[in-house]
Amino acid sequence: MRRKLIAGNWKMHGLGADLAEVRALIAAHPAPACEVAICAPATLIHRLAQACADSAVAVGGQTCHIAVAGAHTGDISAAMLADAGAQWVIVGHSERRADHGETDAIVATQCRAAWDAGLFAILCVGETEAERDAGRTLDVVGRQLANSVPDGATPHRLAIAYEPVWAIGTGRTPTADQIAEVHRFIRAEINARIGAAGGQGIRILYGGSMKPANAADILAIADVDGGLIGGASLKADDLGAIVVAAEAAAQARI
Ligand code: 13P
């Protein structure tokens, strides 16, 4: 039984005052029946970790450098995230791949760096709209998985997030059948890669315009083990409603 996982990705949003939303989330959901994490800008990690101390909410970063330390102005290593209080990190988000030229090979090295620092990695894959229109979705996702998931993946240190690029921040989502197809494919690829004993335990999250209004339907789809949520993670009420949907979906599957 895979425990549902709801992870917020605040992207480049959030000042100190916004930690009030996290405190409100914790107050409203002190003991969620799913895992909850918030991946914040690096500037907030330390304060977020303080706000989440003794709570069920885990703290994550949004990317990490491939090296532990070095002459890389402006970059942040996985060890630094861990030192600031993070337990998690997102790697391979499409915005990083597009804006910072992060290739599959770089993402694989970032993921390994995250593991070396003791962080849990959420590794993102997903096709562009042109790739979907060309019927290449599974090819693209398969190649991303093959080349960006390093050897050594286990359920204790990796989740995969399927984030169709065209669904991110657009209010558009794939159909339930389209989500089910890709998640089933990812499950099969991971099982083939590491064996079903580990592969069946790895959580596969959906990301892209997930919000309170559609979370229950998406979380009910087979092999959807949670969500990676951007815009709707910024407000306690919205993220809390998605947590409740995840709790209900987990209950329905028992
Ligand atoms: P939105 O939920 O804002 O579409 O963002 C999804 C995302 O990119 C999460 O990583």
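Start at 1 with the first residue, then count along the sequence. Order of listing sets the numbers, starting from 1, for every ligand and every atom in it. What you see is a predicted model; the values in this text were computed from it and never measured.
Just one of Arg184, Arg2, Arg203 meets the salt bridge (Lys or Arg N to Asp or Glu O under 4.0 Å) condition when paired with Asp223; it is Arg2.
Leu25 has its side chain out of reach of Glu21: every pair of non-hydrogen atoms, C-beta onward, lies at least 4.5 Å apart.
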Could you pull out all donor-acceptor pairs under 3.5 Å where a side-chain atom in residues 136-147 meets a protein atom, sequence neighbours excluded?
from	atom 1	to	atom 2	distance (Å)
Gln144	OE1	Gly126	N	2.8
Gln144	NE2	Gly126	O	3.4
Asn147	ND2	Arg143	O	3.4

Taking distance alone, no hydrogens or angles, what donor-acceptor pairs closer than 3.5 Å link side-chain atoms of residues 10-17 to residues at least two apart or in another chain?
from	atom 1	to	atom 2	distance (Å)
Trp10	NE1	Ser233	O	3.0
Lys11	NZ	Glu95	OE2	2.9

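The side-chain hydrogen bond (donor to acceptor under 3.5 Å, both in side chains) analysis of residues 74-85, with sequence neighbours excluded, yields no pairs.
Between the side chain of His100 and the main chain of Glu102, no donor-acceptor pair closer than 3.5 Å is present.
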Protein N/O near ligand 1 N/O, under 3.5 Å, which pairs?
from	atom 1	to	atom 2	distance (Å)
ligand 1	2 (O)	Gly230	N	2.9
ligand 1	3 (O)	Gly231	N	2.8
ligand 1	4 (O)	Gly169	N	2.7
ligand 1	4 (O)	Ser209	N	2.7
ligand 1	5 (O)	Lys11	NZ	3.2
ligand 1	8 (O)	Lys11	NZ	2.8
ligand 1	8 (O)	His93	NE2	2.8
ligand 1	8 (O)	Glu163	OE1	3.3
ligand 1	10 (O)	Asn9	ND2	3.0
ligand 1	10 (O)	His93	NE2	2.9
ligand 1	10 (O)	Glu163	OE1	3.2
ligand 1	10 (O)	Glu163	OE2	2.8

